[in-house]
Amino acid sequence: MAMDFLSSLADAVEVELEESSDSECNDPVSWGYFIHGSLVPAALIILILSHMQRRLKPYRAEDCCHRYYALIYPLNLIDDCDHRLPYSLAFGATASLILDLFFGTYSEYYTASVDQEWLKILIGGFATIEIGLACYPYFACISTPSRLTGSSLGFMYVSFWFTIQLTLNILCPDRPGTYFRYQSLVAQFPVLICMFLLAMYFLFTFIDTIKERHHTDIKPTLEEKMMKTHHAIYVQELLKKPVTKVYTGWEAKVYARYAPKDGFKYPTRICATFVVAVICMYQLSLPMIAGGRVGLQTLFYLILQGAPIYFKENNFTEATVNETLKIIGQTQTAADTSLVIGSCIAIALQLLYVGHIFVCYRKHVLRLYQGDRLFLPKDAITSQDAIVGNLKYCGYQIAYFLSGYIIITYVLFALVLIFSTLIIMPLINNAGFFFYVIANFLVPAAIIGAIVFSSQNILAKFYFLQPKLNEGDKDKPMALQHRQWYHNFSYLLVFLNTLLGLISALVRIIRGTLLGIFLLSRIDRPVLMRGYEIKDNAYKVYVGNLNMINQHSHPVLIVFCQLLINEYILPGRTKRYTSHRPGEGYGAMDESPSHDRTVQGRRKKAAIFHWQIAYTLLNNPSIIGTRKRSRALSFTDTHRRIDDLANPNKYNQILMPHAQQLMIRTQARKGDIVEPQGVTLDDLVMTDSAAPIVHQPTTPNSTELDSFTSPLTEAQLPTPDKTLDEATSDKTELIEEDGNSDSDDKSSTPLQAVV
């Protein structure tokens with residue numbers, strides 16, 4: 001009877017496997033032909049968009065295509081925040097192709113089978129370029145300034161892809177490698193939704209552009225719209241007095257974890273990255289769950305086929321065979337259930353990671369905006385590392401996210417299966433024996449282990465530490481009592497802690513392994529210990545990306561640049577274009593008589609600007625470390641030099657330029673002429689700390705030093721009618737006259753700082 005049951009069970013599993021492996025459709029070649037053929041319309045769209053956009057600098061190639069066919073780009077992944085939705089939809093439409101590159105199934109686009117590894121690498125590189133060009137119009141039609149042309153071409157191209165993919169998935173429900181009917185259609189469902197919404201976006205953009213063509217409003221240029229609304233809001237909030245908002249109820253619980261921040265917007269880069277990651281995880285979860293169940297069925301099918309031979313060789317009785325078959329069936333059910341539970345927990349954990357990564361990303365960016373870099377590793381990230389990190393971030397985050405999901409799924413599957421076989425199944429089959437083992441073996445061992453491990457903490461808290469000085473103190477003072485007993489315990493526990501240390505080492509290995517596995521998807525957290533974070537390539541990419549974003553999208557910097565553009569660049573450009581006569585080339589303007597006056601005006605502004613920089617740095621030595629040349633120094637060296645410059649008690653070691661001039665004047669009165677050291681402000685900042693400039697003369701008093709800290713008068717600033725050379729000579733004469741006088745002029749200025 002048991003053998004008949006075993007045979008029927010094996011036959012049922014075999015029939016199910018045959019049905020799951022049966023496929024009538026084979027279309028990877030046609031899908032590959034479609035990708036190859038889409039390069040033609042993609043290239044035409046790229047040429048049309050390039051023709052619609054003109055080059056900005058015609059003097060470099062005046063005779064080449066009459067400034068047409070400019071170099072276009074698909075999207076801005078540095079600081080773009082305006083087109084997050086369409087770019088995210090465009091990336092979502094490419095998720096299935098990215099997944100093919102991730103698993104290497106792109107080789108089916110070119111040939112049936114590839115055996116050589118070097119050929120697979122070559123085909124992979126070629127497939128990356130081909131897929132990138134095929135999807136290029138998705139993004140170029142969004143970023144192009146020609147909205148009418150871009151929206152019309154984008155709508156036609158996306159509709160073409162949507163129609164082909166939907167048709168192939170409907171007409172071919174059973175593809176090779178699928179485990180249930182219409183699996184490919186279910187997997188492509190998010191991709192098709194993204195394509196449909198992207199097509200609707202292009203359609204609505206086309207309609208809005210047609211309506212706007214009847215308006216004659218002047219559109220702002222790229223320079224005029226450098227500053228976005230959220231940048232202005234962020235700077236306005238900085239200038240306002242901070243107000244503490246009090247939340248109650250559910251808002252207090254939500255805002256305790258994620259408080260709103262005015263003026264901050266997540267960039268397109270991180271939004272599009274996780275749209276692709278989540279869609280790829282969804283597409284990956286279907287074959288993992290379905291394929292895993294089929295694999296388990298195959299495994300137990302082989303076990304059931306070999307079971308009769310094993311039973312006959314060992315002369316199993318009928319009761320033993322029935323009990324063994326029962327355990328095998330329960331194990332199969334437990335394994336199947338564990339796989340589903342592990343996959344669901346892994347998906348939920350990854351989705352929680354996405355939200356937490358967004359929160360940590362905002363926190364890190366805002367801390368960098370405020371100048372707080374304490375959370376970053378101490379090892380310096382070079383400019384090259386920052387650019388490389390910005391380039392690698394999207395791909396690395398997607399790859400680590402998917403790799404983490406795969407590993408976490410199978411680890412959770414193993415943990416749930418172990419829990420089921422060691423606890424659930426014994427509890428179901430023989431509950432009395434299970435509780436007997438727990439009560440006689442596990443409970444005493446757990447109690448003794450808890451006492452041994454916690455005994456030292458209990459003694460330290462209640463016996464060796466002195467009581468609190470005040471009842472409101474959070475902790476007891478680190479003061480010992482009962483020292484004789486403490487010395488005895490410290491001696492005896494050396495031998496016990498050797499055994500406990502071995503157990504703790506094993507626990508540390510297990511804990512580190514589990515944390516490394518479960519935090520693999522999060523590249524914003526280093527998996528290596530402190531001091532070795534920079535060795536983690538993924539975390540290094542994340543830090544480089546943060547530095548790049550902070551350098552190019554800082555709201556204060558962008559608002560400042562926008563104010564400079566509005567104040568100086570745009571008015572000058574308006575005058576230049578107004579004075580330009582029709583029929584003359586751009587070079588004719590440089591040869592006009594007004595060119596000399598323009599150069600003189602620039603020199604005047606440069607002279608005033610340089611003097612203002614010198615005066616600002618003299619009176620604010622704390623900002624010297626923010627200069628470009630000072631950033632090459634380490635954090636410690638920069639602050640040491642700032643302290644040396646700002647501390648008046650150290651003038652006998654390093655003298656400020658105005659203090660050097662004061663020293664020269666003091667020695668001149670005494671008849672002892674001292675040659676100037678010739679140290680400019682930049683040289684003073686970059687001087688090697690190992691060889692400081694030492695001056696032997698006496699330290700000037702505070703009254704004389706104060707004479708160089710007063711503001712400049714209008715007579716000392718270069719006038720608009722003087723060139724840079726005249727302003728410099730006037731400044732020299734002013735200081736020489738002041739040096740020969742006996743009275744201290746409060747408006748004296750350092751000549752070396754001006755030069």
Side-chain angles (χ1 to χ4, degrees), residues 296 299-300 303 314 316 319-320 322-346 348-349 407-465 475-476 478 480-520 527 529:
L296 291 175
L299 176 62
F300 283 97
I303 292 175
N314 293 274
F316 277 19
T320 306
N322 292 333
E323 186 67 23
T324 305
L325 292 177
K326 180 182 177 181
I327 295 175
I328 292 175
Q330 290 179 349
T331 306
Q332 182 179 2
T333 304
D336 193 37
T337 307
S338 300
L339 178 62
V340 177
I341 293 175
S343 299
C344 294
I345 295 176
L349 187 63
I407 297 175
I408 290 173
T409 299
Y410 289 114
V411 170
L412 289 175
F413 161 70
L415 295 177
V416 175
L417 182 60
I418 292 173
F419 178 80
S420 301
T421 54
L422 295 182
I423 297 179
I424 302 299
M425 290 175 56
L427 187 61
I428 294 174
N429 296 328
N430 195 348
F433 179 75
F434 178 76
F435 287 112
Y436 173 79
V437 172
I438 291 178
N440 289 275
F441 296 99
L442 297 181
V443 173
I447 294 175
I448 294 175
I451 293 174
V452 171
F453 275 97
S454 60
S455 60
Q456 300 179 47
N457 294 328
I458 295 173
L459 289 174
K461 182 177 181 180
F462 297 103
Y463 190 71
F464 292 131
L465 283 178
D475 195 7
K476 293 182 178 182
M478 195 177 298
L480 288 175
Q481 61 180 354
H482 311 296
R483 286 180 174 268
Q484 291 80 3
W485 285 105
Y486 179 81
H487 295 322
N488 282 282
F489 271 100
S490 63
Y491 167 73
L492 295 175
L493 290 177
V494 170
F495 306 98
L496 177 61
N497 287 330
T498 303
L499 176 60
L500 297 181
L502 177 60
I503 300 175
S504 179
L506 298 177
V507 173
R508 183 184 186 187
I509 294 174
I510 297 173
R511 185 182 301 172
T513 303
L514 292 178
L515 287 177
I517 291 173
F518 283 92
L519 294 179
L520 180 62
V527 296
M529 63 185 66

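One-based numbering along the sequence shown. This structure is a prediction, so every number in the text was calculated from the model and none was measured. Heavy atoms only: backbone and side chains are in, while hydrogens, waters and symmetry mates are out.
- Minimum interatomic distance between M425 and I327 (heavy atoms only, all atoms of both residues): CE-O, 4.0 Å.
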- Message: Assess the residue pair I408 and L349 against the criterion (side-chain contact (heavy atoms from CB on, under 4.5 Å)); give the C-alpha distance rounded to whole Å, side-chain angles, the decisive distance to 0.1 Å, and a yes or no.
- Response: CA-CA 9 Å; I408 290 173; L349 187 63; 4.3 Å; yes
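- Rounding to the nearest 0.5 Å gives a distance of 13.0 Å between CD1 of I345 and CZ of F413.
- At least one side-chain heavy atom of V340 sits under 4.5 Å from a side-chain heavy atom of C344.
- By the 4.5 Å heavy-atom criterion applied to side chains, I407 and F518 are not counted as neighbours.
- For the pair L299/Q332, no side-chain contact is recorded, criterion being any heavy-atom separation below 4.5 Å from C-beta on.
- For the pair I328/I303, a side-chain contact is recorded, criterion being any heavy-atom separation below 4.5 Å from C-beta on.
- More than 12 heavy atoms of other residues, nucleotides or ligands sit less than 6.0 Å from atom CZ of F464.
- Taking CG from L515 and CG from L520, the interatomic distance works out to 12.5 Å, rounded to the nearest 0.5 Å.
- With hydrogens and angles ignored, the 3.5 Å screen pairs no side-chain donor or acceptor of T337 with any backbone N or O of A334.
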- Evaluate side-chain contact (heavy atoms from CB on, under 4.5 Å) for S420 paired with V416, printing each intermediate quantity in order. CA-CA 6 Å; S420 301; V416 175; 4.1 Å; yes
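- A side-chain donor-acceptor contact under 3.5 Å links Q481 to the backbone of Y463.
- Minimum heavy-atom separation, F300 to A335: CE1-CB, 4.3 Å.
- With rounding to the nearest 0.5 angstrom, the CG atom of L493 is 10.5 Å from the CZ atom of F495.
- Rounded to the nearest 0.5 Å, atoms CD1 (I447) and CG (L442) are 11.0 Å apart.
- Distance OG/S455 to CG/L496: 6.5 Å, rounded to 0.5 Å.
- Under the 30°/60° scheme for interplanar angles, the aromatic rings of W485 and F489 are found to be tilted.
- Using a 4.5 Å cut-off on side-chain heavy atoms (C-beta onward), L412 and I341 make no contact.
- In this structure, a donor-acceptor pair under 3.5 Å is absent between the side chains of E323 and N429.
- Counting heavy atoms from C-beta outward, L427 and F435 have side chains that approach closer than 4.5 Å.
- Taking CD of Q330 as the reference point, atom CD1 of I428 lies at 6.5 Å (rounded to 0.5 Å).
- Remark: the backbone N or O of I509 is paired with a side-chain donor or acceptor of T513 at under 3.5 angstrom.
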